[in-house]
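What you see is a predicted model; the values in this text were computed from it and never measured. In what follows, every chain begins at residue 1, and chains take the letters A, B, ... in the order their sequences are listed.
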Amino acid sequence: MTDTAASGPSSFADFGLHPDILKAVVATGYTIPTPIQAQAIPVVTSGRDVMGAAQTGTGKTAAFTLPILHRLMPLANNSASPARHPVRALILTPTRELADQVADNVKRYSQFTPLRAAVVFGGVDIGPQKEEVRRGCEVLIATPGRLLDHVEQKTINLGQVGMLVLDEADRMLDMGFLPDLERIIRLLPQQRQTLLFSATFSNEIRKLARSYLTQPVEIEVAARNATADTVSQIAYKLSGDAKRAAVVHLVKSRGLKQVIVFSNTKIGTARLARQLERDGVRAESIHGDKTQADRMKALEAFKAGELEVLVATDVAARGLDVAGVPCVINYDLPYNAEDYVHRIGRTGRAGATGEAIALFAPEEERFLLDVEKLIKREIPRGQLDLPASLLASSRGERERPVRSHGARGERGERGERHRYELPAKPVDDFFFRPYVPATGAEPARTEAPPVPPRTSAKRPLAVLLGGGKKD
DNA sequence: AAAAAAC
């Protein structure tokens with residue numbers, strides 16, 4: 001812990017930032033730096049490495065973007081030659097949306113300078129990115145995979161990068177980006193400033209920091225894993241069936257706009273959005289199986305206030321910054337308690353008040369208890385009175401029971417609903433072959449071993465052959 | 001267990 005928090009500058013003008021950058025800050029309407037900005041800006045400006053733990057929505061992006069631009073100003077020139085604009089600062093993010101958003105910020109803060117910024121990420125045509133990069137950029141924002149693609153195609157050279165930012169580093173590790181990160185870092189000069197931001201300081205993160213940071217200044221603004229005080233939290237216990245009705249009721253009865261509803265699965269996300277639309281709620285879904293164009297379209301519509309609800313997987317749990325999201329609903333409780341913190345961090349941002357509502361089925365209560373343990377506070381349980389009309393339609397439309405395979409005994413007494421049940425996907429006919437006991441008398445079968453359900457197709461061969469380790 | 005990310 002550092003104890004410099006209280007004594008930070010009380011105005012952006014106190015940082016000594018280059019006037020052209022300060023001008024953009026003023027134009028954006030910022031006056032008082034947030035705690036992370038107050039702490040990080042002087043340290044980054046001084047050239048030191050930083051290991052920062054900050055709640056999302058605390059102004060983290062500006063906290064590293066502003067001093068980076070400031071430090072690049074002596075290198076800025078108005079030349080039209082791409083050769084005069086090599087990449088000097090590289091910002092890596094785990095998701096495409098976050099990269100895009102950080103790029104928007106960098107472009108805004110550099111609008112009055114000759115500095116140029118570009119962004120590259122996957123899922124979209126690489127051609128325009130090549131063109132943008134070819135024109136030259138001092139600041140490059142990227143997701144790791146597409147960046148390596150560019151490097152291999154020699155459209156991007158990282159040999160002049162003097163500043164590296166790893167944003168949402170814990171998420172990048174979770175997503176298996178470590179090998180990509182290592183490859184990218186090997187392409188950078190040894191002599192550089194490195195900033196690592198992470199929601200948590202896990203052992204893996206500390207190890208990463210030991211490998212790539214030099215005597216970093218540790219900055220931590222909020223107690224780790226704490227939730228913002230400005231977010232009120234409540235949890236409603238509901239059967240799985242009633243959840244959808246609850247979302248409709250909450251949105252309609254209170255006239256909510258711009259609600260993010262989190263679901264655990266891509267399929268569940270898409271299905272819920274469709275059902276909400278049928279119930280007269282303007283809703284779109286965003287998840288990783290959608291094309292990048294659709295993801296952007298949904299996000300834009302949401303930002304523009306055209307949607308009442310954005311139904312999202314955890315693709316949207318971290319980093320997304322939509323001004324003024326008043327309410328986040330956890331339609332499913334996340335398997336990892338930490339994801340709860342990230343999800344509800346979408347509301348109550350930058351000091352605004354927000355509300356986080358959790359809808360949990362009885363069998364999900366243990367996840368709620370995990371969350372309470374992590375955030376070290378109790379989430380009050382509420383009672384939600386749903387109109388009968390909503391509940392009825394919720395039942396009628398149900399094509400198959402949700403979680404009917406749950407191990408709970410009381411499911412039996414509602415057996416009538418099982419008649420609606422149809423498997424979502426065709427089941428491999430292996431499961432329907434008669435069971436043959438493996439007696440000695442049995443003729444030797446030379447049949448290939450059954451292929452497990454298709455999800456295993458991506459597993460290493462060794463696992464398929466039974467040689468893989470299972471832990 | 002699920003999600004994300006290069007083609």
Side-chain angles (χ1 to χ4, degrees), chain A residues 56 91-102 119-130 133 140-156 166-184 187 198-199 260-272 285-292 294-296 298-299 310-320 330-343 346 361 363-364 366-367 370 402-403 405-407 424-425 452-456 458-459 463 470-471:
Chain A
T56 48
I91 302 171
L92 296 175
T93 72
T95 67
R96 299 162 182 173
E97 277 77 10
L98 192 50
D100 206 25
Q101 193 176 279
V102 171
V119 57
V120 301
F121 52 77
V124 294
D125 194 358
I126 200 169
Q129 294 178 355
K130 287 181 176 173
V133 164
L140 181 68
I141 303 97
T143 49
R146 178 57 68 90
L147 175 62
L148 286 168
D149 200 351
H150 278 282
V151 169
E152 277 161 21
Q153 298 192 39
K154 305 231 185 295
T155 49
I156 289 177
L166 304 175
D167 197 12
E168 306 275 353
D170 50 344
R171 179 90 191 271
M172 286 202 267
L173 294 191
D174 286 350
M175 288 166 60
F177 275 139
L178 185 59
D180 283 354
L181 288 185
E182 287 170 336
R183 285 184 62 201
I184 291 166
L187 299 165
S198 175
I260 302 181
V261 176
F262 281 104
S263 164
N264 282 355
T265 64
K266 290 182 278 203
I267 288 175
T269 300
R271 186 171 53 203
L272 179 59
S285 64
I286 183 166
H287 59 76
D289 275 357
K290 283 198 152 191
T291 65
Q292 197 57 32
D294 281 347
R295 281 164 63 165
M296 289 175 178
L299 197 57
L310 182 70
V311 192
T313 59
D314 281 318
V315 69
R318 300 202 196 198
L320 271 203
N330 275 289
Y331 188 82
D332 298 314
L333 281 174
Y335 297 116
N336 296 319
E338 273 183 16
D339 289 334
Y340 175 89
V341 179
H342 295 299
R343 289 178 178 186
R346 296 316 95 216
E363 64 268 27
E364 288 178 291
R366 62 192 176 91
F367 295 125
D370 288 345
V402 172
R403 292 194 188 84
H405 301 292
K425 280 184 256 178
R454 56 147 73 86
T455 51
S456 57
K458 282 184 189 164
R459 280 187 210 153
V463 173
K470 289 180 186 162
D471 35 10

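The phosphate of B:dA1 (OP1 or OP2) has no side-chain N or O of A:Thr265 nearer than 4.0 angstrom. Within the structure, a side-chain polar atom (N or O) of A:Arg96 is placed less than 4.0 Å from OP1 or OP2 of B:dA6. Under 4.0 angstrom from either OP1 or OP2 of B:dA2 there lies no side-chain N or O belonging to A:Thr313.
Atom pair A:Arg366:CZ and B:dA1:P shows a separation of 10 Å (rounding to whole Å applied). As a whole-Å value, the separation of A:Lys266 NZ from B:dA4 P is 5 Å. Note: CG (A:Asn330) to P (B:dA2) measures 18 Å, nearest angstrom. Rounding to whole angstrom units, CD of residue A:Glu168 and C1' of B:dA5 are separated by 15 Å. Distance A:Phe177 CZ to B:dA3 C1': 12 Å, rounded to the nearest Å. As a whole-Å value, the separation of A:Tyr331 OH from B:dA2 P is 17 Å. Separating the CG atom of A:Leu147 from the P atom of B:dA6 is a distance of 10 Å, rounded to the nearest angstrom. When the P atom of B:dA5 is taken as reference, atom NZ of A:Lys290 falls 14 Å away, rounded to whole Å.
Checking B:dA5, B:dA1, B:dA6 against the side-chain heavy atoms of A:Glu97 singles out B:dA5 as nearest. Across B:dA4, B:dA6, B:dA2, the shortest atom-to-atom separation from the side chain of A:Asp149 is found for B:dA6.
A:Asn336 comes within 4.0 angstrom of a base, heavy atoms only. Using a 4.0 Å heavy-atom criterion, one finds that A:Gly123 contacts the sugar-phosphate atoms exclusively. Within the 4.0 angstrom heavy-atom criterion, no nucleotide atom of any strand lies near A:Asp314.
Not counting sequence neighbours, the partners of A:Thr143 by the side chain to side chain contact (heavy atoms under 4.5 Å, CB included) test are A:Thr93, A:Arg96, A:Ala99, A:Phe121, A:Arg146.
Of all heavy-atom pairs spanning A:Leu181 and A:Pro144, the tightest one is CD2-CG, 4.5 Å.
The aromatic ring centroids of A:Phe367 and A:Tyr335 lie less than 6.0 Å from each other.
Ion pairing between A:Arg183 and A:Glu152 holds under the 4.0 Å rule for side-chain N and carboxylate O.
Looking only at atom types and distance, the side chain of A:Thr155 has a donor-acceptor partner in the side chain of A:His150 under 3.5 Å away.
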